[in-house]
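Residue numbering restarts at 1 for every chain, and letters A, B, ... go by the order of the sequence lines. Side chains included, hydrogens not; waters and symmetry mates left out as well; all remaining heavy atoms used.
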2 protein chains.
Amino acid sequence: MLRITRETDYGIILMSALAQADEASLSAALLARRCRLPVPMVGKTLKALAQAGLLISQRGAHGGYALARHPAEITVAEVVEALEGPIAITECSSAEPSGCVFLEHCQVNSHWNRINEIIRSTLGAISLKQMSQWPSSLRGADSPVTINPLSALLGEHSSVQPDPTRR
Amino acid sequence: MLRITRETDYGIILMSALAQADEASLSAALLARRCRLPVPMVGKTLKALAQAGLLISQRGAHGGYALARHPAEITVAEVVEALEGPIAITECSSAEPSGCVFLEHCQVNSHWNRINEIIRSTLGAISLKQMSQWPSSLRGADSPVTINPLSALLGEHSSVQPDPTRR
DNA sequence: TTAATCAGTACTAGTTTGGTGCTATATAAA
DNA sequence: TTTATATAGCACCAAACTAGTACTGATTAA
Ligand code: FES
Ligand code: FES
C-alpha cells in the first residue's frame, strides 16, 4: 500500500539513533535496547545496511556498528534503497528503460516515471541528520500549511539552513 | 518496495482510458481490450473504483462504466486511495494520531508524516486529465533536468522554486 | 582461551497480491 | 416475455513477500 517495509522503518530508526549517539560505535544489542526494537530484526537490518556500505561494522568484543559517513551526507533514499532495492513506484517505472511489452501503448508510464523521480528526490533531499533531530518545526507542521511542504524540505537541504518556519 | 500494487496500476490505466475515450461509457470487456489488460482483473478493478464513487456503473445490456467526475477533477491520489486505502508510507504515519506504543520515544515519526504528506500532495496534484495526455513534455523529461521535476507538475498548482542541488 | 560480537544462511508462519470462478441482479432489445 | 448483455458480490486459490527465528561460523579485545 505504497508503504516502506517494517525493516526499512527499523533501518531509519537505527541509523537515526546512531546519528545522534555520543558513542562512535554501538553494538546491535545496545541499539535494539535503545530503540526498543526486537533484537533479531535489528541484527538482520544492521547487517544489510553494513553490506550496502552505509554502516561500518567491527567484529569481536567491543565491536559494533558505526555510520560510514557523516549523518548529513546520508539520505533517507539511500537507506530505503539499501533495504528494498531501487525505488520504483510501479513495476515499469525504473531508471533503466523498461522491458515492458505494453510500453508502446502505455500512456501513463512517463507520468509515473516523473512521479517516481519526485518521490526519489524527496527522499534524497532528507538527510539522516534531519531525520535524527527532534522536530523543532513541529509547530510549523501542525499549523495550516500555505506553502507546499516540499519547499520547506528542499529549501532546508539546499542551503543547509533550518527550515523557514523556525527561528 | 515502495510500490503501488498492480491493481492500482491497472486502475490508473483504465481511468485514463476512460478519460480520453470519445464514448461516455465503456464496458469492462471493451476497456480490457483497449488497454490490453487481463479481463478478470479489469472487472475486479472497475468494481472497486465504482464502489469508491470514482466511476458510475450502468448494468445490463449496453451498460458499462463512466467517470463520475470530469478527468481534471479526479486526482491520482484518489484512485490510489480507492484501491489501496489511505496513503501511509509507514505503519505509524497516518492522518489520525497513531496508536503506536513507541510514539513517545519515536524520533522519526513526525518526519515520516511530513514525507507522507509530500507524497500525498504530489499524487493529489496530478489529475487524471494530465495522466491521460501523452507527455507533450517528454522531450523536457529526457533532456538534462535543471529544474526539479516537481515544478513542472505543480507549476499550475503553485509557484515552486527549482532545487539547485539535484543534478 | 574466552567471551563478545558480527557474517551468513536457512527456515517458517502469516499476510498480501494477483488472479479465477460462480451466482445473482439489472437492463435494453427482440 | 424472453434473451443476450453486463455489472455486483462472493468465495476461492497459488505464488510472492514480510517479519521473524535459529543456528553455525568468523573475528577480535581482553
Ligand atoms: S504497463 Fe509497462 S510501461 Fe505501462
Ligand atoms: S515506531 Fe510507531 S511512531 Fe515510531
Q: Taking A:Ser121 for its side chain and A:Gly124 for its backbone only, find out whether a donor-acceptor pair lies under 3.5 Å.
A: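 Checked: no pair found.
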Q: What does nucleotides 9-14 of chain C look like as a protein-contact string, B for base, S for sugar-phosphate only, - for none, at under 4.0 angstrom between heavy atoms?
A: ------
Q: Check this one for me: any side-chain N or O of A:Gln51 less than 4.0 Å away from OP1 or OP2 of C:dC6?
A: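 No, A:Gln51 has no side-chain N/O under 4.0 Å of OP1/OP2 on C:dC6.
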Q: State the CD1-CG distance between A:Ile118 and A:Leu123, to the nearest 0.5 angstrom.
A: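 The distance works out to 12.0 Å.
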Q: Is the closest basic N to carboxylate O distance between B:Arg6 and A:Glu91 below 4.0 Å?
A: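 Yes, this pair counts.
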Q: Under 4.0 Å between a side-chain nitrogen and a carboxylate oxygen: does that hold for B:Arg114 and B:Glu117?
A: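 Here B:Arg114 does not pair with B:Glu117 in a salt bridge, since their nearest N and O are not under 4.0 Å apart.
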Q: Indicate yes or no for a side-chain donor-acceptor contact from B:Glu81 to the backbone of B:Glu78 under 3.5 Å, with no hydrogens or angles considered.
A: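 Flag not set: sc B:Glu81 to bb B:Glu78 has no pair under 3.5 Å.
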Q: Give a yes/no answer on whether the side chain of A:Arg3 brings an N or O atom under 4.0 Å of OP1 or OP2 in D:dT18.
A: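 Looking at the OP1 and OP2 atoms of D:dT18, neither is under 4.0 Å from any side-chain N or O of A:Arg3.
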Q: When all nucleic acid strands are considered with a 4.0 Å heavy-atom cut-off, which category describes A:Gly43: base, sugar-phosphate, or nothing?
A: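 Since no nucleic acid heavy atom lies under 4.0 Å of A:Gly43, the category is nothing.
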Q: Could you tell me whether a side-chain N or O of A:Thr8 sits under 3.5 Å from a main-chain N or O of A:Ile4, the two making a donor and an acceptor?
A: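 No, A:Thr8 side chain to A:Ile4 backbone: no donor-acceptor pair under 3.5 Å.
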Q: Taking for each residue the nucleotide of DNA chain D with the nearest heavy atom, is it B:Ser57 or A:Tyr10 whose nucleotide lies nearer the 5' end?
A: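 Looking at DNA chain D, the more 5' nearest nucleotide goes with B:Ser57.
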Q: With 3.5 Å as the limit, what N/O pairs link the protein to nucleotides 26-30 of chain C?
A:
from: C:dA26; atom 1: O4'; to: B:Arg59; atom 2: NH1; distance (Å): 3.2
from: C:dT27; atom 1: O2; to: B:Ala61; atom 2: N; distance (Å): 3.1

Q: When all nucleic acid strands are considered with a 4.0 Å heavy-atom cut-off, which category describes B:Ala28: base, sugar-phosphate, or nothing?
A: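 The answer is sugar-phosphate, as B:Ala28 gets under 4.0 Å only of primed atoms, P, OP1 or OP2.
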